[in-house]
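Shown next, in structure tokens, is the structure this report addresses.
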Amino acid sequence: MAERKKFIYGLVVGMAIILVINVIYFGTSSLMHQVEDNKGVQVVKEGYNTPEEKIKDILKLVEDRYYLENYKEEELYDSAYDGLYSGLLDGLEDPYTEYYTKKEYESFMESTSGSYEGIGAVVTYNEETKELMIVSPFIGSPAEKAGLLPGDIVRKVDDKNIKGLTMEDVVANMIRGKKGTKVTLSIYRESDNSNMDLEIKRDVITMPTVSHEMLDDKIGYIRITGFEEVTYDQFKEALYDLEAQEQKGLIIDVRNNPGGLLNIVIDMADELLPKGLIVYTEDKNGYREQASSDEEHKFTKPLVVLANENSASASEILTGAIKDSGIGTVVGTTTFGKGLVQRIFPLEDGSAVKVTISKYYTPSGNYIHGKGIEPDVKIELPEELKKELVIKREEDTQFAKAVEVMKDKIAKEDMANSK
């Protein structure tokens, strides 16, 4: 009874908080399945009559699908002090199970689609200076055409000071906008100690999650920065282009890639692997689902995967499948170690819950959560470069080692073919 009273009090406090503060910080590094609009909870436009109705749906979803350590429902009630629905899920102490408001859910779905309306630039938040910085404008984007450069510090948006605002708030509510509309960024450029205002006309942006080039000695190179809906087609285009240029071997770089969509990485792995298992998952009831390669597009040339401690979830699925199948060599450092699968469940009022629903295993049965994937060839970056946003190719020791390993593999294959 005391717990129920505590719960009701928590709801009242949480509702008051949520009316004042409607900003919930969330990450996009999740490994998730395709969104299922009609499973878990009913999806309608009417919404909920009371907060208790919504909490009942969330608790039912947690009870039916959540797959981690045991938890007590009373502990979830206690956590409602922190902000109602998001606070409720905080009680699970799972960084990958989260609540999204309607606006946050719409933004999340936009980001995983790989296209949006905005200016086309990668941004980051400097924790030390508390400033928003341009990492890089996309090639051909409105941001690039307007003259934005890597390292530019954004001070104002449409003459409004953004100091103290979260990166998510600034990007979603101020910088992004409808195609054809304009936004003015007031920036500081440290390279020449200058301040300037840049007016940028927004457009539809397709995020370039894959880049590629042909290196010396006919070594193909593909860098993958995320696994979004657009990534599979971009990856195929890159792979086919390198094949048309008669590459002798391929380096796939997934360093600092936080992951993305499960179905996308499975499709990409299918373009490379021989016939066999790619990945399998198990839920709380022991139900197993698996994805396999049909061998139709098997890659038969030397292959190297370049990974590091920030290569997570979908990056690890690709890396693990290539390593376990024996078709490639992993170079770099031990990967992040995220072996959990999340799925998005929309709620009745347009908000959503992202829930951990299963664990995934590499083809050889390795559960890599908290452990990561060990490289076949370990090579670190120099300490002074680990925090750099952009590393010059000539200073990139991991890249150099990947090329060295690839040259050795090509030489051995050429020798074998000449016999």
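All values derive from a computational prediction rather than experimental measurement. Just the heavy atoms: all of them, side chains too, but no hydrogens, waters or symmetry mates, feed the values below.
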Would Tyr48 and Asp57 count as a side-chain hydrogen bond (donor to acceptor under 3.5 Å, both in side chains) here? Give the steps. CA-CA 10 Å; Tyr48 297 93; Asp57 258 356; 2.8 Å; yes
For Thr329 and Lys409: C-alpha separation, side-chain torsions, deciding distance, then whether side-chain hydrogen bond (donor to acceptor under 3.5 Å, both in side chains) applies. CA-CA 10 Å; Thr329 301; Lys409 290 167 75 75; 3.1 Å; yes
Given Thr101 and Glu104, is the side-chain hydrogen bond (donor to acceptor under 3.5 Å, both in side chains) satisfied, shown in steps? CA-CA 5 Å; Thr101 64; Glu104 289 170 337; 3.3 Å; yes
Check step by step if side-chain contact (heavy atoms from CB on, under 4.5 Å) holds for Asn256 and Thr225. CA-CA 7 Å; Asn256 303 316; Thr225 57; over 6 Å; no
Apply salt bridge (Lys or Arg N to Asp or Glu O under 4.0 Å) to Glu131 and Arg155, showing your working. CA-CA 8 Å; Glu131 292 178 315; Arg155 295 279 170 79; 3.0 Å; yes
Can Ser293 and Asp270 be said to form a side-chain hydrogen bond (donor to acceptor under 3.5 Å, both in side chains), step by step? CA-CA 5 Å; Ser293 172; Asp270 191 29; 2.9 Å; yes
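Under the salt bridge (Lys or Arg N to Asp or Glu O under 4.0 Å) criterion, Asp217 pairs with Lys407, not counting sequence neighbours.
How far CD1 of Ile278 is from CD of Gln290: 10.5 Å, rounded to the nearest 0.5 Å. In this structure, CG in Leu250 is found 5.5 Å from CG in Leu303, a value given to the nearest 0.5 Å. From Ile222, atom CD1 reaches atom OG of Ser211 across 9.0 Å, with rounding to the nearest 0.5 Å.
Within a 6.0 Å sphere centred on CD of Glu213, heavy atoms belonging to other residues, nucleotides or ligands number more than 12. Atom CZ of Phe235 sits in a crowded spot, with more than 12 heavy atoms from other residues, nucleotides or ligands closer than 6.0 Å. Environment of NZ in Lys218: crowded, with over 12 heavy atoms of neighbouring residues, nucleotides or ligands closer than 6.0 Å. Around atom NZ of Lys298, no more than 12 heavy atoms belonging to other residues, nucleotides or ligands sit under 6.0 Å away. Annotation: Lys248, atom NZ; neighbour count of heavy atoms from other residues, nucleotides and ligands within 6.0 Å does not exceed 12. Other residues, nucleotides and ligands contribute more than 12 heavy atoms inside 6.0 Å of the CD atom of Glu384. More than 12 heavy atoms of other shown residues, nucleotides or ligands fall within 6.0 angstrom of atom CD in Glu394.
Between Asn308 and Thr333, the side chains place no donor N or O within less than 3.5 Å of an acceptor N or O (distance only, hydrogens not considered).
Remark: Lys354 is not positioned above the aromatic ring of Tyr100, lacking an NZ or CZ atom under 6.0 angstrom from the ring centre and at most 45 degrees off the axis. Taking the ring axis of Tyr221 as reference, the NZ or CZ atom of Arg393 stays within 45° of it and closer than 6.0 Å to the ring centre. At least one cation-pi condition fails for Arg65 and Phe345: the charged atom is not both under 6.0 angstrom from the six-membered ring centre and inside a 45 degree cone around its axis.
Judged by distance alone, with hydrogens and angles left aside, the side-chain atoms of Thr231 form a donor-acceptor pair with the main-chain N or O of Gly226 at under 3.5 Å. Judged purely by atom type and a 3.5 angstrom limit, Thr356 has no side-chain atom pairing as donor or acceptor with the backbone of Tyr67.
Between Glu374 and Lys323 no salt bridge is recorded (no basic side-chain N to carboxylate O distance below 4.0 Å). With salt bridges taken as basic N to acidic carboxylate O contacts below 4.0 Å, none links Lys401 and Asp396. Contact check on Lys412 versus Asp408 returns a salt bridge, with a Lys/Arg side-chain nitrogen under 4.0 Å from an Asp/Glu carboxylate oxygen. Using a cut-off of 4.0 Å between Lys/Arg side-chain N and Asp/Glu carboxylate O, Asp349 and Lys54 are scored as salt-bridged.
The side-chain heavy atoms of Ile357 and Lys284, taken from C-beta on, include no pair separated by under 4.5 Å. Side-chain contact between Leu347 and Val353: present, with at least one pair of heavy atoms (C-beta onward) separated by less than 4.5 Å. For the pair Lys179 and Arg202, the minimum side-chain heavy-atom distance is 4.5 Å or more. A 4.5 Å side-chain heavy-atom check between Ser351 and Tyr99 finds at least one atom pair inside the cut-off. Put simply, the side chain of Leu385 reaches to within 4.5 Å of the side chain of Glu395, judged on heavy atoms. Under the 4.5 Å side-chain criterion, counting only non-hydrogen atoms from C-beta, Val154 is not in contact with Met133.
Across all non-hydrogen atoms, the minimal contact from Ile224 to Asn257 is O-ND2, 2.9 Å.
Ring orientation note: the planes of Tyr367 and Tyr361 are tilted relative to one another, at an angle of 30° to 60°.
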